[in-house]
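Structure first, commentary second.
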Amino acid sequence: MSRVVVDVMLKPEILDPQGKAVHGAFDRLGFDGVASVRQGKRFEIELTGDAGPEAVAEIERAASTLLSNPVIEDYTLHVETEA
Amino acid sequence: MSRVVVDVMLKPEILDPQGKAVHGAFDRLGFDGVASVRQGKRFEIELTGDAGPEAVAEIERAASTLLSNPVIEDYTLHVETEA
Amino acid sequence: MRIGVVTFPGSLDDRDAARAVRLAGGDAVELWHADADLHGVDAVVLPGGFSYGDYLRAGAIAGMAPVMRAVVDAARGGMPVLGICNGFQVLCETHLLPGAMIRNDRLRFVCRDQPLRVENADTAWTSAYEPGERIVVPLKNIDGCYVADERTLDQLEGEGRVAFRYDGHNPNGSLRDIAGVTNAAGNVVGLMPHPEHAVEPTVGPGSTDGLGFFTSVLETIEGMARA
Amino acid sequence: MTTHRELDTTDAAAKTPDQAQPWDELGLKEHEYTRIRDILGRRPTNSELAMYSVMWSEHCSYKSSKAHLRQFGQKAPASDALLVGMGENAGVVDIGNGLAVTFKVESHNHPSYVEPYQGAATGVGGIVRDILAMGARPVAVMDPLRFGPMDADDTKRVLPGVVAGVGGYGNCLGLPNIGGEVVFDPSYAANPLVNALCVGVMRHEDIHLASASGVGNKVVLFGARTGGDGIGGASILASESFDDSKSSKRPSVQVGDPFMEKVLIECCLELFERRLVDGIQDLGAAGISCATSELASNGDGGMHVDLETVLLRDPTLTPGEILMSESQERMMGVVTPENLDAFLAVTGKWDVETAVIGEVTGTGRLVIDWHGETIVDVDPRTVAHEGPVYERPYARPAWQDELQAASPSALPRPSTGAELRDTLLRMLASPNLASKAWVTDQYDRYVLGNTVLAQPEDAGVLRLDESSGLGVAVSTDGNGRYTKLDPYTGAQLALAEAYRNVATTGARPLAVTDCLNFGSPEDPAVMWQFAEAVRGLADACQVLGTPVTGGNVSLYNQTGEAAILPTPVVGVLGVLDDVGRRIPQGFREPGQVIYLLGE
Ligand SMILES: Nc1ncnc2c1ncn2[C@@H]1O[C@H](COP(=O)(O)OP(=O)(O)O)[C@@H](O)[C@H]1O
């Protein structure tokens with residue numbers, strides 16, 4: 001079994017109310033030193049087999065169509081190697 | 001400026017309806033080879049200054065109280081070094 | 001005239017949409033998400049709800065349903081399609097309409113009787129209204145903040161494709177107070193508020209301001225048949 | 001999994017009578033454990049012990065309250081409307097036109113304190129499944145809530161989570177929220193009350209009961225998979241058979257999946273419509289233990305289950321844990337062999353996972369096997385219905401006289417215009433009196449398109465029949481301060497208020513449900529409050545002619561020695577022949593005459 005991780009974040013130019021709220025909460029708790037917060041999604045996908053090039057290409061396709069909406073989001077993908 | 005990333009995931013034994021729904025979508029779309037999907041949150045926190053030990057400790061405290069709910073979630077934190 | 005109402009797993013307002021169609025004088029036809037056939041309907045309503053729990057992104061998984069391939073094709077061919085709330089989100093996810101919906105600016109679910117301004121009364125679903133008319137219909141959502149990049153927004157405004165705007169209070173932070181948009185041809189319309197909940201005087205907020213959507217489309221279909 | 005200890009079978013139990021068992025950790029009293037041994041004629045297996053311990057808990061067995069609750073039946077006024085009375089998942093009332101309505105209020109107090117969002121969400125989910133199990137389509141929810149002071153830190157943690165949880169689950173399920181309460185009082189500070197009410201509607205012939213009859217009929221478990229949710233106590237049994245690190249991984253928190261529940265509702269309604277289920281039961285507290293023993297006990301009495309056929313989310317669960325798991329969004333049905341294929345076709349259509357886990361037998365025993373070995377062999381009645389009943393001692397507390405003697409006449413009164421103004425403003429601004437729109441605006445009150453009245457009205461009103469306009473009105477009320485001052489009258493006032501709220505919409509009150517939230521029954525003063533409140537409510541129901549059709553008791557609501565205010569929450573349901581004639585509150589038009597009725 002191997003794991004592919006897909007991180008999906010709103011594009012920088014799209015406003016992020018959740019990130020803004022977290023930033024506000026930081027301020028209220030007296031954590032200063034925070035310039036900005038963005039909140040996105042993390043998908044941990046366990047594959048039944050190896051994360052070979054084909055499997056990763058499949059996940060990549062899912063990441064760009066299903067897991068993220070290209071109108072507002074960007075994604076990054078990486079294969080996690082078991083420690 | 002430096003960036004701290006906090007990933008928050010449901011504890012493994014807690015039901016993850018979101019991950020389940022995404023897994024179901026993978027199946028219906030004919031992406032096979034997926035054993036399980038877990039969906040969590042990713043916070044990208046830009047600091048105004050350096051990610052020194054004190055700043056990171058502050059974020060760590062926020063991660064365990066504000067960004068995650070320790071009853072059902074775990075978090076991991078890492079400092080991202082600008083390429 | 002047959003108006004299809006699609007049920008996805010997690011659709012909530014499908015029966016309400018069907019009722020509104022009937023009250024306007026049309027025949028409501030149930031369409032099932034897994035069925036790629038539109039059963040000869042003249043128009044389609046994608047109702048509100050939380051399809052697939054909206055767990056991934058509102059409307060995202062529903063957008064991939066077999067029925068949506070048929071809806072997208074039919075819409076491109078000119079069939080009137082209305083997306084209400086979750087249905088609007090589905091239309092954005094399938095790129096029949098521009099933009100996307102994100103979490104409300106106050107991050108909470110909001111349910112209220114919402115005044116709207118009808119900006120474009122020339123679409124398949126709004127011809128019964130006057131341009132600039134103010135109507136009140138319920139709004140209820142948590143992912144209702146309409147966003148798009150500036151260029152898209154400018155283009156929408158320039159082409160008169162902002163169909164509805166929130167009048168007065170903007171309940172969810174939608175950019176430029178946009179409550180609903182239309183495609184360039186005017187046959188595909190999506191909006192966050194729920195006209196199907198404002199069709200009878202004794203239930204809902206007690207206004208019948210939403211009925212015009214359904215009478216509009218019946219008239220449009222009639223016109224299309226004559227042409 | 002090599003650490004797996006030998007399975008504790010009925011044979012093993014018969015051979016090892018002296019093996020020590022953790023009955024104490026599972027919350028059983030010694031005499032209760034002794035009684036289990038007497039019933040079985042041997043020591044229970046671990047799985048049997050798990051079953052008895054949950055089913056004989058206060059929560060499932062009503063052992064402290066049962067003796068008092070009988071009055072609701074004994075004093076029940078004659079009612080033509082009652083189709084199903086107390087004792088089933090929920091009572092059912094005839095409202096005419098062939099339609100019946102079922103409604104019930106339940107508590108989810110403690111889980112909502114531990115994890116406010118999920119606690120409240122699964123509270124809504126649980127009561128909705130209760131209503132669904134009667135054969136009804138759930139059509140509305142309400143949420144009577146109690147919190148500590150508005151500005152307390154804990155309230156700031158609990159309240160937003162609870163409100164978001166009630167809304168998150170109910171909104172996603174597509175059930176309009178047509179009313180409720182939000183009340184603040186210091187006594188609820190570390191013990192908020194989260195009560196949830198659901199209303200359902202069905203045709204008379206669709207009423208379903210939780211019973212397993214017909215030898216050879218299949219027992220089917222469908223919905224979400226079974227995970228380790230909410231088995232807290234049972235992990236004691238698990239830690240015996242696995243390495244110790246494991247038990248700490250058992251979540252005590254249940255997470256709700258409203259999407260799954262919505263699909264389950266539609267799936268069940270299709271099963272009902274096609275007459276594919278003979279008996280049905282929701283899975284709530286005590287999970288499979290409860291569902292199998294109640295279904296068997298209510299039916300012909302015999303059932304055989306192969307527990308390894310249960311679909312699992314976590315394959316490491318032990319049989320005892322599977323029996324106790326409180327995973328949400330599951331139902332158990334009894335299906336004839338002829339209908340099984342059609343049944344599976346419907347669950348397949350809705351993508352609802354389904355497993356045949358056993359069948360109805362004529363043995364009078366509930367037998368549960370694990371890979372062919374018998375781990376449970378009990379008379380289901382002894383598990384589900386013949387649990388312990390306590391006559392707890394109760395006594396009017398010594399402080400009651402003093403409390404009643406303290407009259408408001410001693411309090412300072414505003415004497416000048418400015419003071420009066422100040423008092424008025426303070427009252428208007430108090431969280432208990434101020435508008436609750438900040439809460440209710442987070443709930444969908446319009447979905448399903450039949451909401452006639454909701455907030456800010458005194459009662460929620462629903463249309464149930466489009467052609468005739470037939471509908472119902474429901475209100476919940478409760479006042480812990482009044483009840484503390486005089487539990488007998490306080491409970492009656494709660495009923496009277498809900499009754500009036502329903503009547504003022506133009507509805508005819510028909511039936512009552514109640515959620516009795518009190519402190520520890522082991523405190524005689526609390527037990528007295530409870531006894532008096534029940535007596536008061538039963539007497540008042542008799543006078544008003546509205547029977548109690550079901551409800552829920554929540555005890556042990558206290559922090560240390562301090563109990564919450566005694567809080568009976570009473571729901572009244574009334575019928576309107578035509579909702580078009582409902583009377584909204586507020587003055588509508590200039591020139592209308594204002595009358596004040598009553599003394
Ligand atoms: N938790 C809640 N959920 C849904 N509705 C609520 C809730 N709390 C209050 N409401 C509704 O808000 C309105 C005002 O409530 P409240 O101030 O308690 O009124 P009253 O004092 O007249 O009972 C009522 O319609 C009530 O049903």
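A note on names: the letters A, B, ... follow the listed sequences, proteins ahead of strands, and every chain is numbered from 1.
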Is any side-chain heavy atom of C:N172 closer than 4.5 Å to one of C:N141? yes
Please evaluate residues C:R176 and C:E150 with respect to the criterion salt bridge (Lys or Arg N to Asp or Glu O under 4.0 Å), reporting the C-alpha separation (whole Å), side-chain torsions for both, the decisive distance (0.1 Å), and the verdict. CA-CA 10 Å; C:R176 305 194 192 182; C:E150 287 294 311; 2.7 Å; yes
Which bit of A:K11 comes within less than 4.5 Å of chain C, counting heavy atoms only: side chain, backbone, both or neither? neither
By a 4.5 Å heavy-atom criterion (distance strictly below it), what part of A:L10 contacts chain C: side chain, backbone, both, or neither? side chain
Minimum heavy-atom distance C:S51-C:A62, with the two atoms named: OG-CB, 3.4 Å
Counting heavy-atom pairs closer than 4.5 Å to chain A, which one of C:I61, C:D105, C:V147, C:L107 comes out on top? C:L107
Contact part of A:I72 toward chain C, heavy-atom cut-off under 4.5 Å: side chain, backbone, both or neither? side chain
Backbone N/O of C:R106 and side chain of C:N104: donor-acceptor pair under 3.5 Å: no
Ring centroid separation C:F213 to C:F164 under 6.0 Å: yes
Where does C:I102 contact chain A at under 4.5 Å (heavy atoms): side chain, backbone, both or neither? side chain
